[in-house]
Amino acid sequence: MLPARTQVAIVGAGPSGLLLGALLHKAGIDHVLIERQSPGYVLGRIRAGILEQGTVNLLREAGVGHGVDNAGIVHHSIELVFKNTRHAIDVTGLTQGKVVTAYGQTELTRDLMEHRQSLGLPTVYEATDVQLQGFEGNSPSVTFHKDGVAHTLACDFIAGCDGYHGVARASVPKNAITEYEKVYPFAWLGVLADVPPVSSHAIVYANSDRGFALCSMRSMTRSRYYVQCPSTDSVNQWSDQRFWDEIRLRLDPELSQRMQTGPSIEKSMAPLRSFVAEPMRFGRLFLAGDAAHIVPPTGAKGLNLAASDVKYLSSAFIEHYVDRSTAGIDHYSQRALARIWRAERFSWWLTSLMHQFPETGAFGQKMQEAELEYLVNSPALSTSLSENYVGLPLDFAT
Ligand code: FAS
Ligand code: PHB
């Protein structure tokens, strides 16, 4: 039986909404999670694969760290391929011991869902016609239909965790929000295959004059690979054979020769954009995760930014309800945006460095190769790459 009222209404049961729900429950704050898709649909979306340590710590804090602790693959380096040569960047050595962990968003989302189900927390899947009301005043509510029945959920606050195409940001009056966007002239074609990853100890990023490629993993027996392709391409233009042939042409000879291929178990196209909406608070509505920002996945920041938003927002709600302080709520947007813009810059920079841009031609390729040559030989630039890759601190002077 759904309550008619709660303290926090969370719209969206992706990683942001689920993680926020777990942290609010742990703090004894009532909330209801409203999701428009089915659990299977949410789990079927294959997305991120690299977690910053801050994200792993937050999962542990939420009581959901068992999956990543048992199956996560810790990485101490990344590898850059350009001019047919591969270079290792000692990320851990350059960041005084910091690491990243390879653990799929699908597995993380499943861990969060199972945790939520074990607690019997109020969750509405397949909600339709979700609408946000009254968040500019003191009596916000979320209305929706479930199995043909209309519901109104009164609440103190609404957390818009419903992604780039969600209803939360779309509910904000146009004159109250500023959107910054850059759409890249290409997409990523991603393939999941049950073959051992070509490099199990490091993510491989390849710049070639045929386009970008990325070699990642989900386990020691399941690989996740991407190639840059025209944004006008569709998945059915890419047979498995065409994909395997193309990615091997973009890697160095040793990796290309070592790559094990097999039938794809998932194949999808992801458009690339940089996007930020400012501010992230509108009265009693707060945006978190992809609802407020998008990064090109090159820097593996999307899911990790969602996690830092949730860290800030859950702390703000806890301060409000437990400490009776509005400081966290009042500072949330400024605090989150400070970290978001630094990750936006890093993701844009790495995307610009690694991808083929038709309009810059052969000179552009030479500039990228010169910068990569400089990067792999410069402790300063390699350190800059590494400190961004492992994740910037949660707080710095804003
Ligand atoms: P999500 O979009 O994951 O979740 C939002 C949820 O809200 C969804 O379940 C949606 O169904 C629901 N929703 C939407 N509208 C609603 C409504 N009106 N009412 C109720 N619910 C509603 N990041 C990386 O780091 N690496 C990657 O390789 C990578 N690849 C990606 C590929 C794609 C195609 C996309 C779209 C994103 C990718 N990302 C990647 C970024 C991704 O991991 C996001 O950062 C992450 O999913 C953010 O989580 P949420 O903020 O929860 O948003
Ligand atoms: C992934 O494993 O899906 C992945 C890894 C690193 C990235 C992007 C995606 O930069």
Side-chain angles (χ1 to χ4, degrees), residues 9-21 33-39 41-52 55 73 75 78 100-109 112-113 123-132 142-146 158-171 187-192 197 202-205 212 214-219 222-226 266 268-273 275 287-310 343 346-347 350-351 354 389 391:
I10 303 175
V11 181
S16 296
L18 287 163
L19 186 51
L20 179 60
L33 197 45
I34 301 159
E35 164 62 48
R36 75 173 168 188
Q37 304 290 359
S38 67
Y41 186 94
V42 176
L43 281 174
R45 295 186 301 229
I46 308 300
R47 291 186 175 169
I50 290 294
L51 304 183
E52 297 171 2
T55 303
I73 304 166
H75 285 183
I78 62 173
V100 293
T101 302
Y103 190 66
Q105 178 169 326
T106 303
E107 290 70 27
L108 177 151
T109 303
L112 285 162
M113 280 180 176
T123 315
V124 182
Y125 281 102
E126 296 177 287
T128 57
D129 191 25
V130 178
Q131 293 188 22
L132 282 56
V142 177
T143 60
F144 59 92
H145 285 76
K146 170 66 178 170
I158 303 171
C161 299
D162 52 348
Y164 180 74
H165 299 289
V167 67
R169 191 180 73 248
S171 302
W188 279 18
L189 173 68
V191 158
L192 199 62
I203 305 295
V204 181
Y205 295 84
F212 172 75
L214 188 152
C215 302
S216 183
M217 69 209 67
R218 292 294 178 267
S219 70
R222 178 167 287 188
S223 298
R224 177 65 171 173
Y225 295 135
Y226 300 92
E266 190 271 353
S268 52
M269 198 70 80
L272 267 63
R273 75 177 77 241
F275 173 84
L287 302 181
D290 276 18
H293 45 77
I294 297 284
V295 284
T298 322
K301 291 300 154 209
L303 180 54
N304 293 298
L305 274 183
S308 47
D309 288 353
V310 166
F346 172 66
S347 304
L350 193 57
T351 300
M354 299 305 292
Y389 195 78

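Just so it is clear, the values below take in all heavy atoms, side chains as well, and ignore hydrogens, waters and symmetry mates. All ligand and atom numbering here is 1-based and tracks the order in the structure. Everything quoted here is computed from the prediction, not taken from an experiment.
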Considering only heavy atoms, which of [options] lies nearest to [atom]?
atom	options	value
atom 10 (O) of ligand 2	Tyr205, Trp188, Tyr103	Tyr205
atom 44 (C) of ligand 1	Asp290, Val310, Leu287	Asp290
atom 16 (C) of ligand 1	Glu35, Arg36, Glu52	Arg36

In the structure I gave you, are the side-chain heavy atoms of [X] and [Y] within less than 4.5 Å of one another anywhere?
X	Y	result
Tyr125	Tyr41	no
Val42	Met113	yes
Thr123	Glu35	no
Asp290	Ser16	no
Asp309	His293	yes

Has [X] got any heavy atom lying under 4.0 angstrom from an atom of ligand 1?
X	result
Arg45	yes
Pro15	yes
Tyr164	no

Under 4.0 Å from a heavy atom of [X]: which atoms of ligand 1 are those, numbered in the order shown and with their elements?
X	result
Ile34	20 (C), 21 (N)
Tyr226	28 (O)
Val42	9 (O)
Val11	19 (N), 20 (C)
Lys301	25 (O)
Val167	18 (N)
Gly289	51 (O)
Gly166	15 (N)

So is [X] polar-close to ligand 1, meaning N/O to N/O under 3.5 Å?
X	result
Pro297	no
Ala306	no
His165	no
Gln37	no

Distance under 4.0 Å to a non-hydrogen atom of [X]: what atoms of ligand 2 satisfy this?
X	result
Pro297	7 (C), 8 (C), 10 (O)
Ala300	6 (C), 7 (C), 10 (O)
Ile50	5 (C), 6 (C)
Arg47	3 (O)

For the residue pair [X] and [Y], what are the closest heavy atoms and their distance?
X	Y	answer
Met217	Ala202	CE-O, 4.2 Å
Gly160	Ala168	CA-CB, 3.6 Å
Arg45	Thr106	O-OG1, 3.7 Å
Pro15	Gln105	CG-NE2, 3.4 Å

task: Consider ligand 2: state whether an atom of it lies below 4.0 angstrom from any non-hydrogen atom of Arg218.
output: yes
field: Protein heavy atom at shortest distance from atom 35 (C) of ligand 1
entry: Arg47 NE, 3.3 Å
task: Could you check atom 3 (O) of ligand 2 against the protein and tell me its nearest heavy-atom contact, residue, atom and distance included?
output: Tyr226 OH, 2.7 Å
query: Relative to ligand 2, is Thr298 under 4.0 angstrom through side chain, backbone, both or neither, heavy atoms considered?
result: backbone
Side chain, backbone, both or neither: the part of Ser216 lying under 4.0 Å from ligand 2 by heavy atom: side chain
message: Treating Asp129 as the side-chain partner and His145 as the backbone partner, does any N or O pair qualify as donor plus acceptor under 3.5 Å?
response: no
Check residues 295-305 and write down every donor-acceptor pair under 3.5 Å in which the side-chain atom is one partner and the other belongs to a residue at least two apart or another chain.
unit_1: Thr298; atom_1: OG1; unit_2: Thr351; atom_2: OG1; d: 2.6
unit_1: Lys301; atom_1: NZ; unit_2: Glu52; atom_2: OE2; d: 2.7
unit_1: Lys301; atom_1: NZ; unit_2: Asn388; atom_2: O; d: 2.9
unit_1: Lys301; atom_1: NZ; unit_2: Tyr389; atom_2: O; d: 2.9
unit_1: Asn304; atom_1: OD1; unit_2: Glu52; atom_2: N; d: 2.8
unit_1: Asn304; atom_1: OD1; unit_2: Thr55; atom_2: OG1; d: 2.7
unit_1: Asn304; atom_1: ND2; unit_2: Ile50; atom_2: O; d: 2.9
unit_1: Asn304; atom_1: ND2; unit_2: Ala300; atom_2: O; d: 2.8

Which one holds for [X] and ligand 1: side chain close, backbone close, both close, or neither close, with close meaning a heavy atom under 4.0 Å?
X	value
Gln105	side chain
Cys161	backbone
Asp162	both

Leu112 side, atom CG; Leu33 side, atom CG - distance, nearest 0.5 Å: 10.0 Å
